[in-house]
Each structure stands twice: as C-alpha cells, then as structure tokens.
Amino acid sequence: MKSEEKKRTIKTIRIVVDKCVGCMACEVICSAFHATPKYSSNNPARSRIRVIRDPIADIYVPVYSGEYAIAECAARDKYTIDGKDYDECAFCRASCPSRDLFKEPDSGLPLKCDMCESDPEQKTPLCVQWCLNEALIYEEREEETEEELKLDELEIGLESLANKFGLPKIMDIVTRMSVSKKT
Ligand code: SF4
Ligand code: SF4
C-alpha cells in the first residue's frame, strides 16, 4: 500500500524545572480528570504526570507518561542534579515492567498521557492550566507524517498490550471506557 504524506500536529509540554515548586496540583487534576466518572476522585497514583520530589534539595521534576514498554531497556540514563545522583529510571517517561510508576493501581494497566484529548472542550491540557507557576508550557507544531506508519505503530502497541495483559482484559477495559463515555 502506497503511503500518503499528511500533516499532523505534535503536542508537547515544555517543562521548566526551575519553576516547579512540587505543589502536585498537576497530579491532582490529571487523576481527577481521568477518574470514572470524571472528577469523582483524585489519586496521584492514577495521574499521567508525576513530580519527582526531593524537598531537602528543593528539586522537583515533573515527568508526564509516554509509551508502554514491554521490556526493561538495556541502557539507562544517569542524572546528577546539584551534585545529587538520581535513580537511573527516575525521569523516564515509559510505563515499564521495572517499576510501578505510570500504572493504573488496580488493574496494572499502563497509563499514558493523552494530552486531555478525550474532552474536546480542553484546548490546553489540564495540568498546564492548573500549574500556576508556569512550570508547564503547552506547545504545538506541524510535522509531515505517513499515514501507513501511524497504523503500523498502533498495531504494534495493541499487540504488546494484548501479549502482556491478555486480550480479554484489554477488551474489558475498552468496553468499560466506552460505556462510561456514553453515560
Ligand atoms: S502544578 Fe506546576 S508547580 Fe505544581 S507540581 Fe505540577 S508542575 Fe510543579
Ligand atoms: S496533558 Fe492531560 S493527560 Fe497528560 S499529564 Fe497533563 S493532565 Fe494528564
């Protein structure tokens, strides 16, 4: 199949680490927005953005979740900030088997930032709106893309999830999500 070039909008959140004060407002609103029903609860463990906190050193680093990784990676990053070494996985965005971060606490399913796209009324991600310190800045840019590639990526992502959690569990979650959106 011949791939077709299209434009797509890349959405990013610029993180200005120096401005973050670790207030956790971003975690609270993200978890509330993604609760079922919406805003019925808030639990930072369900948030797609987490703030790595080190109050003694006055260091706070917001990290929002990225792709699901089926396996731990072979190479890792090392971070030293103001002379302090951080865990090799501390600032990684992946939902990965090596740690509990970015996993739904009850089901263990991976959590991925969706830029709050499930609500078309939200023109700007909620964590950005709630960060009064301007530590999170929403940005968009246009990029050329190939439609065929996007479909391939979707298939690979779904296959990984089905292999890890089993197709019936994935189908159950999708069914529950579609029911909650209709109600
Ligand atoms: S809301 Fe802003 S200042 Fe507060 S923890 Fe999140 S990123 Fe940091
Ligand atoms: S953009 Fe939306 S889904 Fe992503 S971390 Fe922020 S509040 Fe959560």
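Numbering of ligands and ligand atoms starts at 1, following listing order.
In this structure, the side-chain contact (heavy atoms from CB on, under 4.5 Å) partners of Glu134, at least two apart in sequence or on a different chain, are Lys19.
Distances shorter than 2.8 Å separate atom 2 (Fe) of ligand 2 from the protein N/O/S atoms Cys116 SG.
Of all the atoms in ligand 1, the ones that sit under 4.0 Å from a non-hydrogen atom of Val51 are 5 (S). Of all atoms in ligand 1, numbered sequentially from 1 with element shown, those under 4.0 Å from a heavy atom of Pro62 are 7 (S). Listed by number with element, the atoms of ligand 1 under 4.0 angstrom from any heavy atom of Met24 are 4 (Fe), 5 (S). Under a 4.0 Å criterion applied to the non-hydrogen atoms of Asn133, ligand 1 contributes the atoms 3 (S).
Residues Met115 and Cys113 form a side-chain contact, since some pair of their non-hydrogen atoms from C-beta on lies under 4.5 Å apart. Considering only heavy atoms from C-beta on, Thr12 comes within 4.5 Å of Arg141 through its side chain. For the pair Ile10 and Arg8, the minimum side-chain heavy-atom distance is below 4.5 Å. Trp130 has its side chain out of reach of Leu136: every pair of non-hydrogen atoms, C-beta onward, lies at least 4.5 Å apart. With contacts defined as side-chain heavy-atom distances shorter than 4.5 Å, the pair Phe102/Arg48 does not qualify.
Taking the ring axis of Phe33 as reference, the NZ or CZ atom of Lys38 stays within 45° of it and closer than 6.0 Å to the ring centre.
Among all heavy-atom pairs drawn from Val28 and Ser31, the shortest one is O-OG, 3.1 Å.
Evaluation of the side-chain hydrogen bond (donor to acceptor under 3.5 Å, both in side chains) test over residues 88-102, restricted to residues two or more places apart or in two chains, returns none.
Among protein heavy atoms, atom 4 (Fe) of ligand 1 sits closest to Cys23 SG, 2.3 Å. Ranking the protein heavy atoms by distance from atom 8 (Fe) of ligand 1 puts Cys20 SG, 2.3 Å first. Considering only non-hydrogen protein atoms, atom 2 (Fe) of ligand 1 sits nearest to Cys131 SG, 2.3 Å.
By the 4.0 Å N-to-carboxylate-O rule, Glu27 lies close enough to Arg50 to be salt-bridged with it.
Only the side chain of Leu136 comes within 4.0 Å of ligand 1, counting heavy atoms alone; its backbone N, CA, C and O stay farther away. When heavy-atom distances to ligand 1 are checked against a 4.0 Å cut-off, Glu27 has no atom that comes that close, whether in backbone or side chain.
Taking 2.8 Å as the threshold, Cys26 does not count as a candidate ligand of atom 4 (Fe) of ligand 1, since none of its N, O or S atoms lies below it.
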Let me have the donor-acceptor pairs involving side chains of residues 69-80, under 3.5 Å, with sequence neighbours excluded, atom names and distances please.
residue : atom : partner : partner atom : Å
Glu72   : OE1  : Arg76   : NH2          : 2.7
Thr80   : OG1  : Asp85   : OD1          : 2.7

